[in-house]
Visitor: 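Handing you this structure, nothing more for now.
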There are 2 protein chains.
Amino acid sequence: METFLDLARDRVPPKGNYNKRCAIIAAATAVFVRDGYMGASIDAIAEEAGVSRQTIYNQIGDKEKLFAEVVRGINEQSSAMLVETLATFPEHCGDLARDLVEFAIRLTRNCLCDANARALRKLIENEGTRYPELFEAWKDYGPGKNWPAISARFARLARAGDIEIDDPDLAARQFMALIGADLPNGPGERASEEQLQSAARNGVRTFLRAYGKRDAAIGL
Amino acid sequence: METFLDLARDRVPPKGNYNKRCAIIAAATAVFVRDGYMGASIDAIAEEAGVSRQTIYNQIGDKEKLFAEVVRGINEQSSAMLVETLATFPEHCGDLARDLVEFAIRLTRNCLCDANARALRKLIENEGTRYPELFEAWKDYGPGKNWPAISARFARLARAGDIEIDDPDLAARQFMALIGADLPNGPGERASEEQLQSAARNGVRTFLRAYGKRDAAIGL
DNA sequence: GACGAATTGGACAAGACTGTCCAAAAGTGA
DNA sequence: TCACTTTTGGACAGTCTTGTCCAATTCGTC
């Protein structure tokens with residue numbers, strides 16, 4: 001049996017109309033996210049894309065290939081966004097608290113609260129038990145690949161003497177948990193800009209109370 | 001249209017064989033959790049329960065009623081477990097750090113890592129957009145009802161002078177986030193006892209570094 | 001305009017699912 | 001034993017799904 005990995009790997013250059021192919025994948029993303037793998041019907045995707053059902057079969061193939069393509073698309077996009085955001089991690093500087101809050105806001109807005117990224121997590125979580133290789137691929141390719149980068153940033157900050165950290169990996173996990181603790185996580189809810197700022201401030205304040213230098217005042 | 005709330009509210013005393021009714025609901029729980037609402041078929045549930053399909057229609061009714069019954073069951077069970085665990089929140093005592101870690105272990109093991117509770121969250125998250133009243137009912141009846149109780153515990157601890165907290169509600173959310181930050185959250189993964197202890201220790205240590213009294217040594 | 005490729009709409013078979021109906025069988029209690 | 005309730009298995013109609021096939025039409029390009 002061909003696995004999702006295989007299906008996602010052999011990408012031939014698109015044969016037909018490229019715009020239609022993109023429309024199909026975009027529509028499939030929306031419908032898969034909305035209805036789940038089981039609930040999504042090819043007809044609904046075709047209608048959403050403004051395309052005949054047959055075109056979907058011509059361009060992509062069956063439902064599994066379409067799903068793999070959708071997962072790969074969101075994965076690439078949200079992974080790129082993560083590394084891009086990660087590049088703005090504050091260096092040794094004047095006001096660490098302020099910079100960390102700014103970074104936390106970018107991180108939550110661009111990655112944690114991104115509709116597609118959340119949808120991908122949900123899809124993986126749902127179909128992960130049925131298609132284990134899908135979950136494995138996501139774990140390796142998605143956030144799993146970027147966790148070391150995050151903790152390396154914190155380690156560098158610790159070496160520079162801005163914070164006191166024993167285990168940078170643990171600190172990174174707790175940082176992520178803290179800045180996400182105050183975010184609304186309901187199914188349809190989306191955080192407002194004020195909520196984003198407040199959550200980032202609250203999370204960073206507690207993080208710096210725990211890991212900041214004892215003599216440093218946290219001006220938040 | 002009858003809502004899920006209505007469906008779940010009017011519980012008539014069971015008409016037929018009570019054991020079979022329980023077997024049906026248990027099997028339905030397993031299959032709904034495994035396959036989701038769309039993927040679960042009545043035939044699969046009947047087979048899992050060792051019962052004829054017709055019996056399900058006799059005892060409970062259609063698929064929506066069955067799903068509502070399953071959700072209500074897990075909800076009651078996990079909510080009871082939560083209040084039971086919450087009752088063991090440490091009072092003013094000698095070794096706060098140790099007691100908080102013990103409490104965190106109980107909380108993660110009994111509530112956060114409980115298979116049924118996690119499955120309920122997943123089900124709600126999936127079908128929540130399709131049946132909003134289902135999500136609202138869960139939010140009010142489930143953890144939402146018990147959040148104030150948690151923060152009240154932290155507020156009492158703060159009044160007793162054991163910790164320094166401005167916003168008990170925020171502290172409670174961050175406590176939960178911290179003790180859950182170090183737990184494996186993959187689809188099929190279940191945390192070992194060692195992981196539970198380690199995660200609780202790490203979370204409580206950071207929590208107390210941020211909120212504990214400045215002069216207190218944290219012996220973890 | 002003309003040619004080849006892509007797209008479209010519809011028809012189609014095969015299968016799965018829900019929910020109903022019913023007669024036969026099994027269980028239950030007096 | 002007898003009457004009553006419940007369960008069972010199967011049949012059934014109706015709907016929805018996927019994936020294929022095909023003729024007609026449109027599109028892109030020369």
Side-chain angles (χ1 to χ4, degrees), chain A residues 1-2 4 7 11-71 123 126-127 130-131, chain B residues 1-2 4 7 11-71 123 126-127 130-131:
Chain A
M1 172 202 169
E2 261 187 325
F4 274 107
L7 295 174
R11 305 162 54 197
V12 290
K15 299 281 184 182
N17 189 333
Y18 191 65
N19 291 334
K20 267 188 209 302
R21 175 177 244 266
C22 292
I24 289 171
I25 292 184
T29 301
V31 175
F32 275 132
V33 163
R34 170 157 48 83
D35 298 337
Y37 182 77
M38 284 288 176
S41 79
I42 304 284
D43 290 300
I45 294 171
E47 191 185 15
E48 178 98 4
V51 151
S52 169
R53 175 173 71 250
Q54 187 61 32
T55 305
I56 294 181
Y57 285 102
N58 287 344
Q59 293 255 2
I60 283 112
D62 61 7
K63 200 176 179 181
E64 283 203 354
K65 286 206 184 72
L66 186 53
F67 187 63
E69 210 68 24
V70 164
V71 168
L123 280 180
N126 293 337
E127 318 301 335
R130 231 182 316 279
Y131 305 105
Chain B
M1 174 201 168
E2 263 187 325
F4 273 108
L7 295 173
R11 305 163 55 197
V12 290
K15 300 280 184 183
N17 190 333
Y18 191 66
N19 292 335
K20 267 188 209 303
R21 174 177 244 266
C22 292
I24 290 171
I25 291 184
T29 301
V31 175
F32 274 132
V33 164
R34 169 158 49 82
D35 297 337
Y37 182 77
M38 284 288 176
S41 79
I42 303 283
D43 290 299
I45 294 171
E47 191 184 15
E48 178 100 3
V51 150
S52 169
R53 175 174 69 250
Q54 187 62 32
T55 304
I56 294 181
Y57 285 102
N58 288 344
Q59 292 255 3
I60 284 111
D62 60 7
K63 201 176 180 181
E64 284 202 353
K65 286 205 185 73
L66 186 54
F67 187 63
E69 211 68 24
V70 164
V71 168
L123 280 181
N126 292 337
E127 318 301 336
R130 231 182 315 279
Y131 305 105

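Below, chain A is the first sequence line, B the second, and so on; all start at residue 1.
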Visitor: Looking at every non-hydrogen atom in both residues, tell me the closest pair between B/Ala23 and B/Ala49 and how far apart they are.
Guide: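 For B/Ala23 and B/Ala49, the tightest heavy-atom pair comes out as O-CB, 3.7 Å.
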Visitor: Are the side chain of A/Lys63 and the backbone of A/Ser41 linked by a donor-acceptor contact shorter than 3.5 Å?
Guide: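 Between the backbone of A/Ser41 and the side chain of A/Lys63 there is no qualifying donor-acceptor contact (under 3.5 Å).
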Visitor: Measure from the side-chain N and O atoms of B/Asp62 to the backbone N and O of B/Lys65, and report whether any donor-acceptor pair falls under 3.5 Å.
Guide: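 Between the backbone of B/Lys65 and the side chain of B/Asp62 there is a qualifying donor-acceptor contact (under 3.5 Å).
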Visitor: Hey, which of B/Asn19, B/Thr55, B/Asn58 is the one that makes side chain to side chain contact (heavy atoms under 4.5 Å, CB included) with B/Ile24?
Guide: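 Passing option: B/Thr55.
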Visitor: Any idea which of C/dT18, C/dA11, C/dT8 is nearest the B/Ser41 side chain?
Guide: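 Shortest atom-to-atom distance from the side chain points to C/dT18.
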Visitor: For B/Thr55 and D/dT6, is the shortest distance between a side-chain N/O and OP1 or OP2 below 4.0 Å?
Guide: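 Checking B/Thr55 against D/dT6: no side-chain N or O falls below 4.0 Å of OP1 or OP2.
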Visitor: What's B/Ala40 touching, base or sugar-phosphate or nothing? Going by heavy atoms closer than 4.0 Å.
Guide: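 Sugar-phosphate contact only - B/Ala40 comes under 4.0 Å of backbone atoms but never of a base.
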Visitor: Given atom NZ of A/Lys65 and atom C1' of D/dT18, what is their separation to the nearest angstrom?
Guide: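 Between C1' of D/dT18 and NZ of A/Lys65: 14 Å.
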Visitor: Calculate the interatomic distance between A/Met38 atom CE and C/dT18 atom P; express it in whole Å.
Guide: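 It is 12 Å, rounded to the nearest whole Å.
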Visitor: Nearest-Å distance, CG (A/Asn19) to P (D/dG28)?
Guide: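 Going from CG in A/Asn19 over to P in D/dG28 covers 10 Å.
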Visitor: Examine D/dT8: is either OP1 or OP2 under 4.0 Å from a nitrogen or oxygen in the side chain of B/Lys20? Give yes or no.
Guide: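 Yes, such a contact exists.
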Visitor: If you check the A/Tyr57 side chain, which of D/dT20, C/dT18, D/dT8 turns out closest?
Guide: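 Nucleotide nearest to A/Tyr57's side chain: D/dT20.
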Visitor: How many Å lie between CZ on B/Arg21 and C1' on D/dT5, as a whole number?
Guide: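 Whole-Å distance recorded here is 17 Å.
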Visitor: Which distance, rounded to the nearest 0.5 Å, do you find between the CD of A/Glu48 and the CG of A/Asp43?
Guide: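 Going from the CD atom of A/Glu48 to the CG atom of A/Asp43 covers 13.0 Å.
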Visitor: Please work out which of the three classes, parallel, tilted or perpendicular, describes the rings of B/Tyr37 and B/Phe32, given edges at 30° and 60°.
Guide: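 Ring orientation of B/Phe32 relative to B/Tyr37: parallel.
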Visitor: Can you check the B/Ile42 CD1 to D/dC12 P distance for me, whole Å?
Guide: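 Distance check: B/Ile42 CD1 to D/dC12 P gives 22 Å.
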Visitor: Please round to the nearest 0.5 Å and tell me the distance separating atom CD of A/Gln59 and atom CG of A/Leu66.
Guide: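 That separation rounds to 11.0 Å.
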Visitor: Between C/dC22 atom P and B/Arg53 atom CZ, what is the distance in whole Å?
Guide: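 After rounding, the reported distance stands at 16 Å.
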Visitor: Rounding to a whole Å, what distance do you find between A/Asn58:CG and D/dT25:P?
Guide: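 Value for this atom pair: 19 Å.
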Visitor: Whole angstrom is fine here: how far is it from NZ in A/Lys63 over to C1' in D/dT20?
Guide: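 Checked: the NZ to C1' distance equals 17 Å.
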Visitor: Distances under 3.5 Å only, N/O to N/O: pair up the protein atoms with those of nucleotides 24-29 of chain C.
Guide:
none

Visitor: Please determine if a side-chain N or O atom of A/Gln54 lies less than 4.0 Å away from the OP1 or OP2 oxygen of D/dC22.
Guide: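 It does not, given that no N or O in the side chain of A/Gln54 lies less than 4.0 Å from OP1 or OP2 of D/dC22.
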